[in-house]
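All values below were derived from every heavy atom in this structure, side-chain atoms included, with hydrogens, water molecules and symmetry-related copies excluded. Indexing begins at 1, ligand by ligand and atom by atom, following the structure's order.
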Amino acid sequence: MIQRHIFGHVFALEALIAAGVFVVVLALLVYALLRRRAGRQATASRRTERPRLEAYYVAVLTAFGVFLVAWTAWQNHREHHTAERPPVRVDVSSFQWCWTFSYPQAPQRRSASGTCRGDDLPTLVVPTGRPVKLRLTSRDVIHSLWVPELRYKMDAFPDHVNSFTLTLDREGRWMGKCAEFCGLRHHTMHFWIKAVSPEEYHRFLQGQQGGGGQGAAA
Ligand SMILES: [Cu+2]
């Protein structure tokens, strides 16, 4: 299952429900205003409580909340527990203020790296059509790996490894950022995530072995 499709669907459904709630609340507000104007002779109700109405209100809100939490958790589970081929592994290390990406399949584990200064951004290269397991950590403070277009974000903690699996179904390049304020140059912590064909990915790893390393597929 493709990650951005799953999270795209989650976002679409939640936005739809939020829009529906907004329209219903707005309609009730307009109705109340018009009704009040129409009935100028009417006196205001003195009731201070409507237990049954409030119970309905709580029940509907609870139902929406439980559904959204359960459905989102289920979609998350689907994404992270795919029974596809064994994943390709990439180690991601964040630090003030950039990223390194290491490929354990390549013997020398060289990292395609940039400095995060100006246009010199590191590139995370992944193959298309295969699950890629990213193991994410930090060398100093808390960072957060965020790829807005793919709707993916996960925090990077020092002395801890967070991992997630993503599968990209088409070739392309997307901008990633740090989503956790981490100091003076937090705003420069950008990187590219680039999906290439399995053949090109293989060549990229071979290039790593040769010691090239600096964005052979960037
Ligand atoms: Cu940051």
H190 meets the side chain to side chain donor-acceptor pair (under 3.5 Å) criterion, sequence neighbours left out, with none
Practice item. Check the hydrophobic clustering (I, L, V, M, F, W, Y; side-chain heavy atoms under 4.5 Å; chains of links allowed) and say if V10 and V21 are grouped together. Key: yes
Members sharing F157's hydrophobic cluster, built from side-chain contacts under 4.5 Å between Ile, Leu, Val, Met, Phe, Trp and Tyr, are I142
For Y57, the side-chain contact (heavy atoms from CB on, under 4.5 Å) test, sequence neighbours excluded, returns L61
Heavy-atom closest pair (E171 atom, S197 atom, distance to 0.1 Å) is OE2-CB, 3.4 Å
So the protein N/O/S atoms within less than 2.8 Å of the Cu ion (ligand 1) come down to C178 SG, E180 O, C182 SG, H186 ND1
Tested for ring-ring contact (aromatic ring centres under 6.0 Å, His included) against F191, the lone hit among W146, W174, W99 is W99
